[in-house]
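Below is one structure, written out as structure tokens; comments come after it.
For clarity, every value in this text was computed on a predicted model and none was experimentally measured. Note that these values count all heavy atoms, side chains included, but never hydrogens, waters or copies made by symmetry.
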Amino acid sequence: QVQLVESGGGLVQAGGSLRLSCAASGRTSSTNAMAWFRQAPGKEREFVAGIRWSAGVIYSPAYTDSVKGRFTISRDNAKNTVYLQMNSLKPEDTAVYYCATKRSLIATMKAMDYDYWGQGTQVTVSS
């Protein structure tokens, strides 16, 4: 089992920045990928950014088109923590943000492919 705890959400004005953190514990050695998803009210959960690693190598991260150039995902191996730096935030970024991890190294943006999930953290961007 792997446990994930997100933090860093909050209320910010449009154009501002937030940094989300996702700390993993438990059998983290069994996982090879972590991603951030978000879900706005009345909408499906969508992929935001993902990062994969294997044998000490971190692969190029992936982003959904709407956040490219504004969001950056990164990983601190020593802390088993993944971050999502969000800059130039827009009201349409408002959602509950979830981190997720999986054992497989295969690249995927599908929520169903991820094995473990955090509880989510609210991000609200005011106009």
Pairwise side-chain contact, [X] with [Y], heavy-atom cut-off 4.5 Å (strictly under):
| X | Y | result |
| --- | --- | --- |
| M86 | Y97 | yes |
| Y116 | Q3 | no |
| I58 | I51 | yes |
| L84 | F71 | yes |
| Q39 | E46 | no |

Donor-acceptor contact below 3.5 Å, side chain T28 vs main chain S25: no

Main-chain N/O of G9 paired with T121 side-chain donor or acceptor, under 3.5 Å: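 Such a contact is found between T121 side chain and G9 backbone.
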
Summary of salt bridge (Lys or Arg N to Asp or Glu O under 4.0 Å) pairs that have at least one residue in residues 73-83, sequence neighbours excluded: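 Sorted result for residues 73-83: empty, none.
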
Residue pairs passing the salt bridge (Lys or Arg N to Asp or Glu O under 4.0 Å) test where at least one lies in residues 100-114, sequence neighbours excluded: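 Sorted result for residues 100-114: R103-D115.
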
On a heavy-atom basis, which atom in [X] and which in [Y] lie closest, and how many Å separate them?
| X | Y | result |
| --- | --- | --- |
| A62 | M109 | CB-CE, 4.2 Å |
| M34 | C22 | SD-SG, 4.0 Å |
| G120 | V96 | CA-CG1, 3.9 Å |
| A24 | L4 | CB-CD2, 3.6 Å |

Apart from L105 itself, residues in the same hydrophobic cluster as defined by side-chain heavy atoms under 4.5 Å: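 Joined to L105, directly or through intermediates: Y59.
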
Criterion side chain to side chain contact (heavy atoms under 4.5 Å, CB included) on Y83 and I73, from CA distance to verdict: CA-CA 6 Å; Y83 303 96; I73 188 170; over 6 Å; no

Residue list, side-chain hydrogen bond (donor to acceptor under 3.5 Å, both in side chains) with S66, at least two apart or on another chain: R38

Partner residues of T124 under the side-chain hydrogen bond (donor to acceptor under 3.5 Å, both in side chains) criterion, sequence neighbours left out: Q122

Pairs meeting criterion side-chain hydrogen bond (donor to acceptor under 3.5 Å, both in side chains) with involvement of residues 9-24, two or more places apart: S17-N87

Residue pairs passing the disulfide (SG to SG under 2.5 Å) test where at least one lies in residues 23-52, sequence neighbours excluded: none

Ring pair (Phe, Tyr, Trp, His ring centres under 6.0 Å): pairs with one or both residues in residues 10-46, sequence neighbours excluded: F37-F47, F37-Y114, F37-W117

Of all residues at least two apart in sequence or in a different chain, which pass the side chain to side chain contact (heavy atoms under 4.5 Å, CB included) check with [X]?
| X | value |
| --- | --- |
| A107 | R52 |
| V125 | V12, A14, L89, P91, D93, T94, V123 |
| A23 | T81 |
| E92 | K90 |

Straight-line distance of R70 CZ to S88 OG, nearest 0.5 Å: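 Answer for the CZ-OG pair, R70 versus S88, is 7.0 Å.
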
